[in-house]
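As a basis for the values below, the full set of heavy atoms in this structure was taken, side chains included, without hydrogen atoms, waters or symmetry mates.
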Amino acid sequence: MNAVIAGISYRALLGRRRIWLLVLLPVLLIGMAVLIRVFSGVSERLTIQFLEKFALGAVLPLLGLIAGTGVIAPEIDDGTVVHLLAKPISRPVIARTKFLVAASMLALFAAVPTFVAAYLLINLESGIAYGFAVGALAGGIAYAALFMLLGVLTRHAVTIGIAYALIWEGVVGNFVPGARRFSIQQWAQTVADQVSSSPFLSSELTIGFAVTALLVVTVGAVVWAGQRLRSFSLTGDE
């Protein structure tokens, strides 16, 4: 990890309009948890349904898209990536640093708020809060790597990422049984299920498969992004 690149990346994420989305989505998640607690009562089943559909199914991939693309795509779009690539720093090191910055943002803005929302709904009962926090962290790391790679591969990363989050993760991954094996959301739910002891939380996938898939996607995306950056010339063209 390169400290200079990390600092630049943090300032870019926290100093642009993206910070408002990074903050708004967790606030919305926690706010909805409070409303459910006040007006609908609390049950394990309702809590798990809310966390599955909204925390992992909607908020997490959107935060992953904002952080993952935000650490590299704007620099490529406006051409300032040229200054970064001109420095005597290995391209894979740049990719790894950008990924770590994005992943840390997901830990802060996704995993922690998910734990808080679950705790507000059901305290620490059945390990649900811990399970979904760990699941959000694992899934967030994979999303950070995947969307960072997308930001390197195409200038339409945000559009493609939104389509992926809404169509594949939101529809196909939830309703097509075979496709669940290829869904980060489903892998994250499997991790949550492994940590939690709630009978209302179950997964069709094994924890071994989910963890392996998360590692393959994360490592593969970061390595690919580093190799892809090697193909960029100092003019900013590919």
Side-chain angles (χ1 to χ4, degrees), residues 1-2 4-25 58-87 89-110 137-170 182-185 188 214-238:
M1 179 172 178
N2 184 283
V4 175
I5 295 175
I8 293 172
S9 300
Y10 279 121
R11 286 194 296 272
L13 275 177
L14 301 177
R16 301 187 183 190
R17 288 179 295 178
R18 285 180 177 80
I19 183 60
W20 296 107
L21 292 174
L22 286 173
V23 172
L24 177 62
L25 288 170
V59 172
L60 182 61
L62 289 177
L63 287 172
L65 178 63
I66 294 166
T69 59
V71 293
I72 187 68
E75 294 175 331
I76 294 175
D77 289 341
D78 61 23
T80 57
V81 71
V82 172
H83 303 294
L84 179 61
L85 298 179
K87 298 182 182 298
I89 304 173
S90 167
R91 306 295 172 85
V93 169
I94 295 174
R96 290 195 296 270
T97 302
K98 295 286 189 180
F99 158 70
L100 290 174
V101 169
S104 67
M105 291 292 97
L106 268 296
L108 178 61
F109 291 104
L137 178 60
I141 290 172
Y143 278 127
L146 179 63
F147 289 129
M148 181 195 69
L149 171 63
L150 196 60
V152 174
L153 292 177
T154 175
R155 294 179 182 273
H156 306 289
V158 174
T159 302
I160 296 173
I162 291 175
Y164 168 83
L166 293 178
I167 299 175
W168 183 263
E169 295 283 18
F182 307 100
S183 168
I184 294 177
Q185 178 188 340
L214 287 166
L215 288 173
V216 168
V217 168
T218 301
V219 175
V222 174
V223 171
W224 189 356
Q227 295 302 313
R228 181 68 171 176
L229 284 176
R230 291 179 184 272
S231 69
F232 278 68
S233 72
L234 293 183
T235 62
D237 299 322
E238 297 179 30

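Minimum interatomic distance between A67 and A102 (heavy atoms only, all atoms of both residues): O-CB, 3.7 Å. Taking every heavy atom of both residues into account, V101 and A6 meet most closely at CG2-CA, 3.8 Å. For the residue pair L60 and G140, the shortest heavy atom distance occurs at CD1-CA, 3.8 Å. Residues A221 and A145 come closest through the heavy atom pair CB-O, 3.4 Å. Across all their heavy atoms, R91 and G226 have their closest contact at CB-O, 3.7 Å. Of all heavy-atom pairs spanning V71 and G68, the tightest one is CG2-O, 3.2 Å.
Evaluation of the side chain to side chain contact (heavy atoms under 4.5 Å, CB included) rule for L21 yields I66 as partners, not counting sequence neighbours. In this structure, the side chain to side chain contact (heavy atoms under 4.5 Å, CB included) partners of A225, at least two apart in sequence or on a different chain, are A95, M148, L149, V152. Annotation: side chain to side chain contact (heavy atoms under 4.5 Å, CB included) contacts of V23 (sequence neighbours excluded): I19, V27, F109. Applying the side chain to side chain contact (heavy atoms under 4.5 Å, CB included) rule to T69 yields the partners L65, A73, F147, A157, V158; only residues at least two apart in sequence or on another chain are considered. In this view, S104 and Y10 satisfy the side-chain hydrogen bond (donor to acceptor under 3.5 Å, both in side chains) rule, not counting sequence neighbours.
L13 CG to I8 CD1: the interatomic distance, rounded to the nearest 0.5 Å, is 12.5 Å. Taking CG from L229 and CD1 from I94, the interatomic distance works out to 6.0 Å, rounded to the nearest 0.5 Å. Taking CG of L150 as the reference point, atom CD1 of I160 lies at 5.0 Å (rounded to 0.5 Å).
Judged by distance alone, with hydrogens and angles left aside, the side-chain atoms of T97 form a donor-acceptor pair with the main-chain N or O of V93 at under 3.5 Å.
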Trace of the side chain to side chain contact (heavy atoms under 4.5 Å, CB included) decision for R228 with L153: CA-CA 7 Å; R228 181 68 171 176; L153 292 177; 3.8 Å; yes
Residues L146, Y164; criterion side chain to side chain contact (heavy atoms under 4.5 Å, CB included); working and verdict: CA-CA 11 Å; L146 179 63; Y164 168 83; 4.0 Å; yes
Steps toward side chain to side chain contact (heavy atoms under 4.5 Å, CB included) verdict (L106, L137): CA-CA 7 Å; L106 268 296; L137 178 60; over 6 Å; no
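L63 has its side chain out of reach of Y143: every pair of non-hydrogen atoms, C-beta onward, lies at least 4.5 Å apart. The closest side-chain heavy-atom distance from I141 to L214 is not below 4.5 Å.
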